[in-house]
There are 2 protein chains.
Amino acid sequence: MTRKKPATLSDIAATIGVAPMTVSRVVNKSGYVSEEMRERVLQAVAEMNYRPNGLARSLKRQRTETVGLVLGDISNPYSTEIANAVREGLSAGGFNLFICISEHSAKEDIAAFDSLVDHNVDGIIVATRSNKEGDERLAGIADRYIPVVVVGRDFHHDQVDSIAADNFSGGYEATQHLIDLGHKRIAFIGASFNDRANLKRLQGYLAALTKHDIPIDERLITGKKETASESPGYSTEKIGYEGMKRLLSLPNRPTAVFARNDFTAVGAMTAVKEAGLAIPRDIAVVGFDDTPLALHTLPPLTTVRQPMRLQGQLAAELLLRRIKNREIETENRVLECELIVRQSTV
Amino acid sequence: MTRKKPATLSDIAATIGVAPMTVSRVVNKSGYVSEEMRERVLQAVAEMNYRPNGLARSLKRQRTETVGLVLGDISNPYSTEIANAVREGLSAGGFNLFICISEHSAKEDIAAFDSLVDHNVDGIIVATRSNKEGDERLAGIADRYIPVVVVGRDFHHDQVDSIAADNFSGGYEATQHLIDLGHKRIAFIGASFNDRANLKRLQGYLAALTKHDIPIDERLITGKKETASESPGYSTEKIGYEGMKRLLSLPNRPTAVFARNDFTAVGAMTAVKEAGLAIPRDIAVVGFDDTPLALHTLPPLTTVRQPMRLQGQLAAELLLRRIKNREIETENRVLECELIVRQSTV
DNA sequence: GCGATGTATGTTAACGTTAACTTAATATCA
DNA sequence: TGATATTAAGTTAACGTTAACATACATCGC
């Protein structure tokens, strides 16, 4: 059996003996077509299993009604929530979403940008970590007036809207909460210097300590100075578990820990329980992100909720706005985080 | 400032006074071009910030070097691992990956298929749950000889390769394991009848009980008969928690539970602990999937590992194979699962 | 009866690229 | 030396669609 090529608009036109344009009008419901002709065309379309060629259409129309989303990794509630919210926002506006994964590599970041630009998407939402080469390419794209919105990425350009959670104040509040409970030896688990959001959380932690005249003890800050691409964000239970083990072996161990995120917190909690200590009596634990998991740890986890969905919604909204009209002021939104107190600290 | 249109290949050709074809040859490194000309062109390309228009190129070349992946939801280690493995397999072959999310809705499933077909992707990998309308559309796509591979989806077509984990024997082994440990009252948490994989796990569970002459008690099977689109696969801790609560309130409560997946198992464990019972002494728990989480529950979770990465790798491999040559026998692979025994059952 | 308007089609050219062919100059070799 | 390759371009037409314009007939109000 030989493979037959898909029918084109001209094929349809030829078989029923009309001009291609007439078929186009029926398919696109535009312009004048008689009811009789409409039916003839529609029947042929159905019979020949015709589908418009999107490439040709987009090439001619100069728009694809498609938006690209670049994520660092997919195995991460943050990415997940953003993607879902973006998708909803876009499909409400009639746009399709294509997602690309960069695995936190600058090279893949760029490959994703290029691939999306090559497919002439109408706009791009970028939610990967900043890196020099990627930023340069992104600037080049924005320079060409392709609508771009960045989420949680440290990138500035006069054509690019940005959205981020206030990780600094989130970290500050989490630490403040522990201080309010009387803790003096508060640890930070999972510091990472090439992840901007994480860094901000750490800075918030440091600021809160400083504000309350609590000396900063470097031994209480675990983490590593990664240089390049790093770990699958998701399985950071390991980081938490190992970090906590190290902290517990200190001569003067902490009475509270602030973990970079909920997964790290879960790992830390496991280490605490294994050591025969109680949470929060011996060690209080705070996480970050308020993932669904946080409700189901034992005890339930105090954590900082960042508005993930809202970030995704806003990203979709700002991008659609910019697609409609490129000549607008850029917006840079910073969204508040909220401390959710549960039983792991009280 | 007025927005200038991006430079085209002809623009480049015009500014340096050569034929467009010459520029094309330089850009694509094909055919003969003198070294001197090459440099002239390359310089103009750089100066004018030129990027080939992928739509036009794909339209002409009749291929996009892009593959689409349709996932039911993104908030799910299963989707995640598959996506990562597929991505790796494809990028090794020089293909780009676009991911679409259907939110387990037949309508969105179809929208995703159509969007991908409209963008003329070279092939599609489908990892969503089966549904009638979606299957019909998918068959129509496969009929047009567009390469399609399904992963964990119950779909048969003489042009479509399929890959699935052996959920039945996974469920069987998990249950067998509990029976071997002497359990007679074994519950199943989170039954769902519109999720094929889940159904198979349940059937494996039932088969193991039957094989060992253990009567099936319907009260020990929790779950609901959902009709349509369902829950965000990911936060099924709730299902596990609530299911376990119900089981614990039975007059003759189970001594072991087999949960549909690890998240459900975690929820169940929380309920067990809250009731003041010990795992595995009072109630043994088995999960499914072997997510990273399973190592960090307390106690660590016995679970059934399904080869997620392998499924993704195979999907990429089979799809690329079919893209290269459509006239090949279809393959239907069923991959073994492996019971990982940890402390939640022993 | 005549311009104005509405309806139903057809024609042309273009979106940006490249496969396939053509032309022309230069190099190679028996 | 002439035949044959090789190199370096240019020309044409097409991928499948649609915007813009052109044509033709019917209807309408006056």
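Just so it is clear: chains get the letters A, B, ... in the order the sequence lines come, proteins before strands, and each one is counted from 1. On a predicted model such as this, the values are computed, not experimentally measured, just so you know.
- Considering CD of A:Glu329 and CD of A:Glu331, their distance stands at 9.5 Å, rounded to 0.5 Å.
- The stretch residues 53-70 of chain B participates, sequence neighbours left out, in these salt bridge (Lys or Arg N to Asp or Glu O under 4.0 Å) pairs: B:Arg63-B:Glu65.
- Scanning DNA chain D 5' to 3' for nucleotides with an atom closer than 4.0 angstrom to a non-hydrogen atom of chain A gives a first and last hit of D:dG16 to D:dA20.
- Counting only N and O atoms by type, the side chains of B:Thr64 and B:His119 include no donor and acceptor under 3.5 Å apart.
- Remark on the helix from C:dG1-D:dC30 to C:dA30-D:dT1: inter-end axis angle 40°, axes from five-pair C1' superpositions, rounded to 10°.
- Sorted by first and then second residue, the salt bridge (Lys or Arg N to Asp or Glu O under 4.0 Å) pairs involving residues 145-154 of chain A (not counting sequence neighbours) are A:Asp109-A:Arg153, A:Asp135-A:Arg153, A:Asp154-A:Arg196.
- Applying the side chain to side chain contact (heavy atoms under 4.5 Å, CB included) test to B:Thr330 and every residue at least two apart in sequence or in another chain returns B:Asp161, B:Arg322, B:Asn332.
- The salt bridge (charged side-chain N to carboxylate O under 4.0 Å, His left out) search around B:Glu136 returns B:Lys132, not counting sequence neighbours.
- For DNA chain C, the neighbouring residues in residues 14-22 of chain B, judged by any heavy atom under 4.0 Å, are B:Met21.
- For B:Glu108 and A:Arg87, the salt-bridge test passes: some basic side-chain N is under 4.0 Å from an acidic carboxylate O.
- Looking at B:Asp195 and B:His104, their side chains never bring a donor and an acceptor atom within 3.5 Å of each other.
- Residues passing the salt bridge (charged side-chain N to carboxylate O under 4.0 Å, His left out) test with B:Arg25, sequence neighbours excluded: none.
- Listed in residue order, the members of residues 24-41 of chain A having a heavy atom less than 4.0 Å from DNA chain C are A:Arg25, A:Tyr32, A:Val33, A:Ser34, A:Met37.
- Evaluation of the salt bridge (charged side-chain N to carboxylate O under 4.0 Å, His left out) rule for B:Glu88 yields B:Arg309 as partners, not counting sequence neighbours.
- Within a 6.0 Å sphere centred on CD of B:Glu36, heavy atoms belonging to other residues, nucleotides or ligands number 12 at most.
- Going from atom CZ of A:Phe98 over to atom SG of B:Cys100 covers 5.0 Å, rounded to the nearest 0.5 Å.
- Judged as a side chain to side chain donor-acceptor pair (under 3.5 Å), and not counting sequence neighbours, A:Thr22 has no contacts.
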Worked check of side-chain contact (heavy atoms from CB on, under 4.5 Å) between A:Thr66 and A:Leu97: CA-CA 6 Å; A:Thr66 299; A:Leu97 176 65; over 6 Å; no
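- Atom OH of residue A:Tyr50 and atom OG1 of residue A:Thr15 lie 11.5 Å apart, to the nearest 0.5 angstrom.
- Applying a 4.0 Å cut-off to non-hydrogen atoms, the residues of residues 53-65 of chain B that approach DNA chain D are B:Leu59, B:Lys60, B:Gln62, listed by residue number.
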